[in-house]
Amino acid sequence: MTEPTANESDSLRLFFALWPDDATRTALNRTGKWLHQHWGGRRMRADSLHLTLAFLGSTPVEQLELLLGCADRVQPKIFELILEQPGYWRHNRIGWLGATRTSPQYVELANALNATLTSAGFAVDARPHVPHVTLLRNTAGGELPHCAPVRWPINEFVLAASRTGADGSHYDVIKRWALA
Ligand code: ATP
Ligand code: MG
């Protein structure tokens with residue numbers, strides 16, 4: 001377990017996410033370069049690529065134990081996520097690669113996490129969303145180029161903390177949970 005890093009006072013900006021293995025990270029980064037050629041903007045650093053499952057935002061550190069207990073109760077099964085759909089959002093100028101056909105296991109994992117967090121009193125942002133990995137910031141988007149599907153074997157989920165650095169957000173993985 002990585003200790004939450006310096007300069008946090010008594011709260012952390014937290015989210016649950018899928019964190020890519022090296023092969024998946026390389027494939028996602030390649031698609032990031034491809035989309036950047038089409039759309040411009042600023043590429044995400046390879047080491048920061050992830051897919052957010054549930055966003056908690058600023059959370060008092062005293063609640064960390066309760067939070068970890070929630071995640072312990074989620075028992076998802078291993079599955080594969082296929083990301084093949086490029087997209088962008090005008091309102092926040094983000095370019096991404098997403099999944100159009102989410103497996104039932106993905107939906108189960110996201111729902112189970114959100115349910116256990118909600119029942120413990122955490123306010124999660126549960127807006128319906130496209131499961132996606134942000135690849136570009138500050139992009140205008142454009143025509144949707146064909147993207148080679150990224151096949152991502154999902155065998156864990158993580159709790160991560162984000163902090164703002166001079167070169168954008170940095171994320172620290174706080175804890176990992178293996179899928180069965
Ligand atoms: P920055 O906000 O500095 O531009 P960021 O959005 O990557 O960078 P955070 O805002 O801390 O950093 O978000 C961490 C993760 O949670 C990101 O994947 C982000 O897309 C996601 N996220 C942030 N806010 C929400 C929200 N309200 N609902 C769902 N997901 C969110
Ligand atoms: Mg943000």
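Source: prediction; values computed, not measured. Every number for a ligand or one of its atoms is a count from 1 in the order of the listing.
- Every atom of ligand 1 with a heavy atom of S162 under 4.0 Å away is listed here by number and element: 9 (P), 11 (O).
- Under the ring pair (Phe, Tyr, Trp, His ring centres under 6.0 Å) test applied with W96, the options W39, Y88, W89 reduce to a single match, W89.
- Nearest-residue assignment for atom 8 (O) of ligand 1 (options A54, S58, G165, S169; heavy-atom criterion): S169.
- Between the side chains of E84 and T100, at least one donor N or O lies within less than 3.5 Å of an accepting N or O.
- The ligand atoms of ligand 1 that sit less than 4.0 angstrom from a heavy atom of T52 are 15 (C), 16 (O), 17 (C), 18 (O), 21 (C).
- A side-chain donor from one of N29 and R43 sits under 3.5 Å from a side-chain acceptor of the other.
- Using a 3.5 Å distance cut-off with no hydrogens or angles, the side chains of S169 and S162 do not pair a donor with an acceptor.
- For ligand 1, one of its N or O atoms has an N or O atom of R137 under 3.5 Å away.
- At a 3.5 angstrom cut-off on N or O pairs, H50 counts as close to ligand 1.
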Practice item. Might you work through the ring-ring contact (aromatic ring centres under 6.0 Å, His included) test for Y171 and F15, ending with a clear yes or no? Key: CA-CA 10 Å; Y171 315 107; F15 60 103; 5.6 Å; yes
